[in-house]
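These notes concern the structure reproduced below.
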Amino acid sequence: MFGSRRPRVLAALCAALAIALLASCARVMNTADEGGSADADASRSGKKPNIVYVLTDDLAWNLVEYMPHVQRMREKGTAFTNFFATDSLCCPSRTSLLTGQYPHNTGVFTNGGDDGGYRAFTKNRNEEKTFGPALQRAGYRTGFMGKYLNGYQPKDKNGTSKPYVPSGWDEWDVAGAGYNEYDYDLNENGKVVPYGKAPEDYLTDVLSKKATSFIGSSAAEKKPFMLEVATFAPHGPYTPAPRDKDKFPGLEAPRTDAYDKATGDAPKWQSTLSPLTAEEKQGIDRKFAKRVRSVQAVDAMIGQLEKTLEEKSLADDTYLMFGSDNGFHMGEHRLRPGKQTAYDTDVKVPMMVTGPGVPAGEKVSRLAENVDLNPTFLDLAGVATPSTVDGRSLSDLMHGRTEEEWREAVLVEHHHSTVKKDDPDAAPKDSGDPPTYGAIRTEDSLYVEYVDGQREFYALDSDPEQLTNRAAALSPAQRDALHRTLTELQRCKGAENCQAAARTHTS
């Protein structure tokens with residue numbers, strides 16, 4: 001009797017074992033998916049995450065401590081402690097962010113003229129490379145608000161029948177010269193709307209309201225969304241919101257070790273710098289306090305965005321990112337307030353992110369750059385990155401995972417501009433107006449080559465403030481290795497090629 005049942009019993013046992021093995025494999029695969037996917041829960045449910053990116057203008061690391069909501073982002077999420085701009089200048093930096101390419105591949109090196117500004121941006125067909133069109137094609141609702149690129153004018157039609165809106169954006173609320181925060185025009189989806197001097201016209205607050213509305217309407221449409229809000233703050237003239245104009249009385253600019261200190265063996269363009277006068281120091285303090293006041297509205301906007309995402313039950317599905325297009329020096333190296341140098345004060349900028357699967361309180365020290373943002377946005381949305389993109393996705397790093405092969409250097413490219421008219425960043429010589437240069441920043445050094453043959457090298461382990469130029473002390477082998485890395489990065493095209501070029505050739 002038992003013998004006749006044996007085949008059936010064995011078949012049942014085999015079936016049970018197969019089911020158990022399948023369940024076990026499914027658990028393993030799910031666990032791996034949770035550890036290896038930017039948003040495992042969302043991907044399993046077919047739901048795409050939302051992305052909100054707040055980009056500030058000229059915001060240096062020394063302003064973050066005065067922004068409580070941004071500070072809480074650091075606590076709730078992950079901060080990139082070695083994040084750099086491809087140039088410490090608005091238009092080339094923003095172009096790299098939008099396209100994921102270095103300036104030598106975008107053709108945008110300055111804020112105006114043949115090699116810069118919105119004119120060079122469109123001439124080199126960069127608009128079609130931005131992340132907006134790619135995300136829109138992937139089903140995202142896309143929005144862009146605030147500052148676009150130097151030279152963009154809200155009223156320009158660019159050959160169309162009404163004020164021009166670039167393709168790829170469902171919501172477009174962009175100003176031209178909004179640095180004063182008042183008396184500006186916005187191109188609102190093809191209609192030019194003027195704003196005046198009333199308190200409710202304060203531009204950062206207007207952008208905050210529009211961003212909140214965009215999140216609400218996207219939630220109502222039940223569509224994933226990507227929103228970039230690009231403020232003009234804290235760029236000069238550092239106009240604060242009316243409610244913030246009397247805050248931080250008597251605040252002084254940071255007195256770092258580099259403050260009012262001359263660079264040892266400095267390049268020629270710094271040779272005329274004299275010690276800061278008492279009056280200049282007072283002026284720097286006043287400007288720093290104004291910069292702190294002007295970012296209070298930006299910080300309030302961060303808080304409002306977080307509140308709106310919570311109210312719409314979107315917080316768990318949304319990446320909120322915060323950054324800056326470049327830094328700003330205020331007395332370091334005896335430089336009067338400005339940017340455009342390769343020093344960390346100017347090219348090393350904040351980058352924080354919160355969102356699904358992003359660990360709290362983590363710091364990522366890997367070298368990252370604004371060319372990485374385009375591929376990061378695409379990766380988070382599940383969109384393939386074009387081969388023309390020079391940067392790499394930061395998704396694994398922001399989710400606490402390691403990257404075995406990563407760059408050893410980031411590239412900074414800067415062209416000296418002769419166009420001064422209508423350039424809000426036109427710099428007098430004493431505030432930082434260097435000749436054209438290329439630079440590489442590694443974890444422990446900065447190397448700069450100027451077009452006139454001058455060199456700078458700083459060993460950051462012993463000289464973190466970059467005050468002693470040791471270029472003359474480099475051995476021929478060291479100099480050749482640094483020059484080779486810089487040259488290869490200046491010629492690289494595409495992520496794979498640029499990753500290979502970012503090896504320092506020191507081993």
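Side chains are part of it too, since the values below use all heavy atoms of this structure and drop only hydrogens, waters and symmetry mates.
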Is [X] salt-bridged to [Y], cutoff N-O under 4.0 Å?
X    : Y    : result
R94  : D325 : yes
R366 : D372 : no
K209 : D173 : no
K147 : D57  : yes
E465 : K261 : no
D114 : R119 : yes
D379 : R392 : no

Between [X] and [Y]: side-chain donor-acceptor atoms closer than 3.5 Å:
X    : Y    : result
N82  : E443 : no
D444 : T442 : yes
E181 : T204 : yes
H235 : D425 : yes
N187 : Y152 : yes
Q454 : K268 : no

Measure the [atom1]-[atom2] distance between [X] and [Y] for me, rounded to the nearest 0.5 Å.
X    : Y    : atom1 : atom2 : answer
T485 : Q490 : OG1   : CD    : 11.0 Å
F328 : N326 : CZ    : CG    : 9.0 Å
M352 : E75  : CE    : CD    : 10.5 Å
T239 : N180 : OG1   : CG    : 5.5 Å
L98  : N374 : CG    : CG    : 8.0 Å
T263 : Q466 : OG1   : CD    : 9.0 Å

[X] side chain near [Y] side chain, heavy-atom distance below 4.5 Å:
X    : Y    : result
D433 : H416 : yes
L467 : Y458 : no
F457 : S445 : yes
Y66  : R293 : no
E252 : D285 : yes
L63  : F288 : yes
W61  : P350 : yes
V419 : T110 : no

Exercise for review: Just do the salt bridge (Lys or Arg N to Asp or Glu O under 4.0 Å) check on D344 and R441 with the steps written out, would you?
Suggested key: CA-CA 9 Å; D344 278 5; R441 174 65 157 79; 2.7 Å; yes

Review point. Stepwise, does the side-chain contact (heavy atoms from CB on, under 4.5 Å) test hold for F83 with L373?
Key: CA-CA 11 Å; F83 192 93; L373 291 175; 4.1 Å; yes

Check your understanding: Do Y182 and Y202 pass the ring-ring contact (aromatic ring centres under 6.0 Å, His included) test, and can you show the C-alpha distance, the side-chain angles, and the key distance before you say yes or no?
Key -> CA-CA 6 Å; Y182 295 104; Y202 185 74; 5.7 Å; yes

Exercise for review: Decide side-chain contact (heavy atoms from CB on, under 4.5 Å) for L273 and R336; before the verdict, give the C-alpha distance in whole Å, the side-chain angles of both, and the deciding distance to 0.1 Å.
Suggested key: CA-CA 9 Å; L273 294 176; R336 280 62 177 175; 4.3 Å; yes

Review point. Only one of E413, R491, E369 forms a side-chain hydrogen bond (donor to acceptor under 3.5 Å, both in side chains) with Y102, so which one is it?
Key: E369

Check your understanding: Using the ring of each side chain (for Trp, its six-membered ring), is F121 parallel, tilted or perpendicular to Y148, with breaks at 30° and 60°?
Key ->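 Rings of F121 and Y148: perpendicular, as their planes differ by over 60°.
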
Check your understanding: Taking the six-membered ring for Trp, are Y184 and Y195 parallel (under 30°), tilted (30 to 60°) or perpendicular (over 60°)?
Key ->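 Judged by the thresholds at 30° and 60°, the geometry between Y184 and Y195 is parallel.
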
Review point. Would F322 and M67 satisfy side-chain contact (heavy atoms from CB on, under 4.5 Å), going step by step from the backbone distance to the final call?
Key: CA-CA 12 Å; F322 173 83; M67 304 178 75; 4.0 Å; yes

Quick one: does [X]'s side chain have a donor or acceptor within less than 3.5 Å of a partner on [Y]'s backbone?
X    : Y    : result
S208 : D205 : no
T142 : M226 : no
D463 : T468 : yes
N469 : A471 : yes
D260 : P275 : no

Exercise for review: Quickly, which of S96, P375, C498 forms a side chain to side chain contact (heavy atoms under 4.5 Å, CB included) with D390? Name it, please.
Suggested key: C498

Exercise for review: State which residue, out of Y437, Y343, Y447, fulfils the side chain to side chain contact (heavy atoms under 4.5 Å, CB included) condition with E456.
Suggested key: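 The option that passes is Y343.
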
**Study point:** Test side-chain hydrogen bond (donor to acceptor under 3.5 Å, both in side chains) applied to N111 and S417, step by step
**Key:** CA-CA 8 Å; N111 284 343; S417 177; over 6 Å; no

Smallest separation among heavy atoms of [X] and [Y], with atom names:
X    : Y    : answer
T99  : T106 : OG1-CG2, 3.5 Å
G178 : F232 : N-CE2, 3.3 Å
D87  : V412 : CA-CG1, 4.2 Å
H329 : T341 : CE1-CG2, 3.9 Å
A409 : I440 : CB-CB, 4.3 Å
P337 : S431 : O-CB, 3.3 Å

Practice item. Under the ring-ring contact (aromatic ring centres under 6.0 Å, His included) rule, what do F131 and W169 come out as? Steps first, then yes or no, please. Key: CA-CA 10 Å; F131 53 80; W169 303 101; 5.7 Å; yes

Review point. More than 12 non-hydrogen atoms from neighbouring residues, nucleotides or ligands closer than 6.0 Å to CD on E200, yes or no?
Key: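 Counting neighbours around CD of E200, more than 12 heavy atoms of other residues, nucleotides or ligands fall under 6.0 Å, so yes.
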
Review point. Should the heavy atoms of other residues, nucleotides or ligands under 6.0 Å from NZ of K247 be counted, would the total exceed 12?
Key: yes

Check your understanding: Are K348 and F84 close enough, and set up right, to give a side-chain contact (heavy atoms from CB on, under 4.5 Å), and what steps lead you there?
Key -> CA-CA 5 Å; K348 189 176 183 179; F84 297 87; 3.7 Å; yes

Point to revise | Steps toward salt bridge (Lys or Arg N to Asp or Glu O under 4.0 Å) verdict (K210, E188) | key: CA-CA 10 Å; K210 288 186 175 296; E188 299 182 358; 3.2 Å; yes

